[in-house]
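Below: one structure, written as structure tokens.
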Amino acid sequence: MLHIYNTLTRQKEPFEPLDPPFVKMYVCGPTVYDSAHIGHAMSYIVFDMVRRYLEYRGYRVRHVQNFTDVEDKIIKRSQELGISWQELTARYIDEFLRQMDALNVKRAHVYPYASQEIPEIIRIIEGLIEKGYAYVVDGDVYFRVRADDDYGKLSGRRLDELQAGARVAVDARKEDPLDFALWKASKPGEPAWDSPWGPGRPGWHIECSAMSIHYLGPQIDIHGGGADLIFPHHENEIAQSESFTGCVPFVKYWMHNGLLQLGGEKMSKSLGNLVTIGEILERHDPNALRLFVLSSHYRRPITYTDESFAAAERGLERFYAALRPPRGLPGPQDEALRRKALETRQAFEEAMDDDFNTALALGRLFDLARAINAARDESVAGPGFTEAQATLRELLEVLGFRLQGDGQPQRAVEAEPFIELAVAVRSQLRAQKQWNLADWIRDRLQELGVELRDTPEGTKWVWRPASSDQ
RNA sequence: GGCGACGUAGCCAAGUGGUUAAGGCAGGGGUCUGCAAAACCCCGAUCGCCGGUUCGAAUCCGGCCGUCGCCUCCA
């Protein structure tokens with residue numbers, strides 16, 4: 001049975017959806033004021049893997065992911081660029097979706113925009129005011145944390161401790177320094193919507209509550225996001241949602257991925273230490289980023305280095321190799337391979353059932369890959385071989401790897417006819433035993449990032465740029 | 001200062017009481033190859049430090065050292 005670590009209870013719990021086989025999953029989406037970096041990619045790859053595994057296990061997942069398109073940074077950035085916030089956000093939303101497609105992240109079923117949920121947001125804020133959980137000050141509306149007796153339960157904080165350590169400039173108009181904005185009155189020139197409290201825009205936390213409630217209902221199974229969202233974002237979401245609907249828990253399983261680090265610190269826009277998704281996609285196989293991410297457990301922070309990324313890239317080759325066609329004829333060892341495939345599937349499921357232990361699961365898949373390669377070397381073929389490959393392919397796809405064709409990343413397609421030509425010329429030379437010239441061609445191609453492999457079936461080639469590009 | 005996580009071979013990383021401590025990358029030695037490459041075979045760690053609990057600990061407890069996250073926008 002699948003167990004999931006729940007941030008709320010700080011332990012692994014058996015996964016029992018509210019209404020099986022349906023699973024309602026909400027994942028916090030990006031604020032679209034700039035290009036996404038690989039820290040974002042990590043989070044979405046992780047939850048894509050979660051969704052795929054749930055689907056593999058027979059669940060019917062409904063996946064909602066928001067776009068925050070109303071927010072201070074968006075306003076600032078669009079003003080700097082002299083374009084409308086709509087134009088700015090449309091640009092980055094489009095880029096984001098294309099990059100997620102490239103990373104083989106399944107699209108959510110619904111992508112609500114904050115700017116299009118204003119009526120729902122206003123409805124919830126009005127409800128919170130009515131119930132005494134919120135109050136109006138000069139066109140702003142704040143959530144009254146003191147009215148929520150279990151505030152802090154997700155992040156394990158108590159109000160008193162928070163106040164003691166607060167470094168935030170205190171807004172004297174708020175009843176409590178920790179009260180947070182549900183609605184912000186707008187200044188002239190800022191995007192604004194009419195509301196019972198005057199023109200303004202929603203606070204950050206309320207949009208996720210509104211969208212989650214609107215598209216998935218008052219209670220959902222899984223809510224995911226980066227560990228940096230636990231406080232205050234998700235804490236506040238719980239406070240708002242549960243206070244408004246009265247349904248507890250708002251979310252049955254809170255899942256948080258560890259943060260991706262670069263240079264010893266969290267990769268973030270504000271620190272400026274980032275590698276964008278675009279930079280990775282330009283030069284690398286998207287599967288390599290996925291392997292890099294899934295090589296460690298999703299709750300642990302991972303550090304990006306060129307070396308560890310390159311290791312993932314090389315490891316990927318191993319899987320591709322295992323998916324190459326067999327040689328030889330059916331033999332007795334074929335049956336052993338069939339058994340190995342069954343064992344692997346079982347071990348894979350066992351690993352994944354333990355809070356999505358992808359690192360262990362991948363280890364099992366590498367074992368299977370080695371068995372397949374060994375069998376091919378021994379000229380074993382037959383139904384067992386085919387089944388082993390089918391299993392490997394299927395389970396890799398459950399983890400979200402894209403394995404069309406022979407697994408060759410698609411790039412520089414226009415160069416391929418010329419590479420084929422050079423390879424053909426070299427084959428002629430080899431047939432005439434002109435080794436010097438043949439080797440020269442091979443070396444030159446290597447320098448250009450094309451690696452040759454002479455096999456009994458002829459010469460094969462793959463793209464393999466020299467390491468540490470960028 | 002408060003809350004939390006982590007520290008396993010050169011690098012990445014699984015393992016949280018009891019077989020030979022998974023797997024990947026790099027490296028070394030082989031097989032194969034015209035030579036290579038790929039693949040396959042073989043080779044490496046007693047688990048940050050100290051103390052404790054236990055018949056037995058990487059795995060539990062305490063202390064120390066170190067790294068990181070959250071407490072402010074953030075996947």
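Numbers restart at 1 for each chain; the letters A, B, ... are given by sequence-line order, proteins then strands.
- Annotation: of the two residues near RNA chain B, A/I38 and A/T303, the 5′-most nearest-nucleotide partner is A/T303.
- Among the heavy atoms of the strands lying under 4.0 Å from A/R426 is at least one base atom, whether or not backbone atoms are also near.
- Nucleic acid contact for A/L365: none, since no nucleic acid atom lies under 4.0 Å from a heavy atom of the residue.
- In this model, the phosphate group of B/C35 is not approached by any side-chain N or O of A/R430 to a distance below 4.0 Å at OP1 or OP2.
- Contact annotation: A/R314 reaches the phosphate of B/A38 (side-chain N/O to OP1 or OP2, under 4.0 Å).
- Counting any heavy atom pair closer than 4.0 Å across all strands shown, A/H37 reaches a base atom.
- Among the atoms of the strands shown, only primed sugar atoms or phosphate atoms (P, OP1, OP2) are found under 4.0 Å from some heavy atom of A/Y44.
- The phosphate of B/A14 has OP1 or OP2 within less than 4.0 Å of a side-chain N or O from A/R300.
- Heavy atoms from other residues, nucleotides or ligands lying under 6.0 Å from CH2 of A/W435 number more than 12.
- A close approach under 4.0 Å does occur between a side-chain nitrogen or oxygen of A/K266 and OP1 or OP2 of B/C70.
- At a threshold of 4.0 angstrom between heavy atoms, the contacts of A/N373 are confined to the sugar-phosphate backbone, with no base atom among them.
- Note on A/R318: a side-chain N or O is less than 4.0 Å away from OP1 or OP2 of B/C25.
- Only the C1' atoms considered, B/A13 is 32 Å distant from B/G2, to the nearest whole Å.
- Taking 4.0 angstrom as the limit, A/T31 places a side-chain polar atom (N or O) nearer than this to OP1 or OP2 of B/A75.
- With B/A14, B/G34, B/A75 as the candidates, the nucleotide lying closest to the side chain of A/M267 is B/A75.
- Comparing B/U8 with B/C42, their C1' atoms sit 24 Å apart, to the nearest whole Å.
- Shown here is A/E397, whose CD atom has more than 12 heavy atoms of other residues, nucleotides or ligands within 6.0 Å.
- Taking atom C1' in both B/A58 and B/A21, one finds a spacing of 8 Å when rounded to whole Å.
- Candidate nucleotides B/C12, B/G34, B/C35 were compared by shortest atom distance to the side chain of A/R442, and B/C35 ranks first.
- The side chain of A/R157 has B/G2 as its nearest neighbour among B/G2, B/A36, B/A75.
- With B/G23, B/G4, B/A14 as the choices, the nucleotide that has an atom nearest any side-chain atom of A/R370 turns out to be B/G23.
- The aromatic ring of A/W435 sits over the base of B/G34, with ring centres less than 5.5 Å apart and planes inclined by under 30°.
- Nucleotides B/U54 and B/U72 are separated by 45 Å at their P atoms, to the nearest Å.
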